[in-house]
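As the structure is a prediction and not an experimental result, all values here were calculated from the model.
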Amino acid sequence: MRSIRVVKKTLITLTTMLVLLSIGLYLYAQLAGPVGPIPGGTLTGMHIDERPIWKELLPRGKFIEVEWSGDHPYSVTLDPHVVADELYTWSRSPNSWTKRIARDPKAIVRIERSLYKTVAIKVSDDNLLAKINYDRAGVLEATGISFHLKWIEN
């Protein structure tokens, strides 16, 4: 009997800790930007006015954070794809951030502490979509949804 109570108490403690950790990560993300798969709020950092050289800023395996402001700032961590010196992102299917683009395509890209103003333009050219997918998965096939995160001057 005693061992069952100890196990129950341990499970309750672990569950409580997980819930508190989840709440803490969510609150942190709302203040500082996304944390891995947890979306965040407004991105902070220093706005950069000079044209970015995406290939230099984004070595393979480095992620970007992208914010769509609108009524409520919303930011996510995304896998970048640089094709012909331009920045793209990709999604398997429509989701929360791809739907925000339809409402307001203006976006801010954060790389480390640097912020770049962009506008998200849906890729409609199947050849370009195939090149982006090749960068992503090594397969030259037009699949998924991709957006050009086109840098805009301030």
Measure the [atom1]-[atom2] distance between [X] and [Y] for me, rounded to the nearest 0.5 Å.
{"X": "Arg136", "Y": "Ser146", "atom1": "CZ", "atom2": "OG", "result": "10.0 Å"}
{"X": "Thr143", "Y": "Asp126", "atom1": "OG1", "atom2": "CG", "result": "10.0 Å"}
{"X": "Asp85", "Y": "Ile53", "atom1": "CG", "atom2": "CD1", "result": "8.5 Å"}
{"X": "Ile152", "Y": "Lys106", "atom1": "CD1", "atom2": "NZ", "result": "8.0 Å"}

Kindly give the heavy-atom pair with the smallest separation between [X] and [Y], and that separation in Å.
{"X": "Trp68", "Y": "Asp104", "result": "CD1-O, 3.6 Å"}
{"X": "Ile48", "Y": "Ser114", "result": "CG1-CB, 3.6 Å"}
{"X": "Val123", "Y": "Leu129", "result": "CG1-N, 3.9 Å"}
{"X": "Ala107", "Y": "Val66", "result": "CB-CG1, 3.8 Å"}
{"X": "Thr89", "Y": "Asp79", "result": "OG1-O, 3.4 Å"}

Given 3.5 Å as the limit, does a donor-acceptor pair link the side chain of Ser91 with the main chain of Ile145, or not?
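No; judged by distance alone, with no hydrogens or angles, the pair does not exist.
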Main-chain N/O of Thr44 paired to Arg110 side chain as donor or acceptor, under 3.5 Å:
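Yes: the side chain of Arg110 pairs with the backbone of Thr44.
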ILVMFWY cluster, Trp97 and Trp90 together (side-chain gap under 4.5 Å):
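Cluster IDs for Trp97 and Trp90 differ.
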Do the charged groups of Glu141 and Lys131 touch, with an N to O distance under 4.0 Å?
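The answer is no: the pair does not qualify as a salt bridge.
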Is Arg51 paired with Glu86 through a side-chain N to carboxylate O contact shorter than 4.0 Å?
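Arg51 and Glu86: salt-bridged.
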Taking the six-membered ring for Trp, are Tyr88 and Trp54 closer than 6.0 Å centroid to centroid?
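No, they do not, as the ring centres are separated by 6.0 Å or more.
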Run the salt bridge (Lys or Arg N to Asp or Glu O under 4.0 Å) check on Glu112 and Lys62 step by step: do they pass?
CA-CA 10 Å; Glu112 294 176 6; Lys62 187 168 195 165; 2.5 Å; yes
Checking Arg100 now: which residues fulfil side-chain hydrogen bond (donor to acceptor under 3.5 Å, both in side chains) with it, not counting sequence neighbours?
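Testing Arg100 for side-chain hydrogen bond (donor to acceptor under 3.5 Å, both in side chains), a comparison that skips the adjacent residues, returns none.
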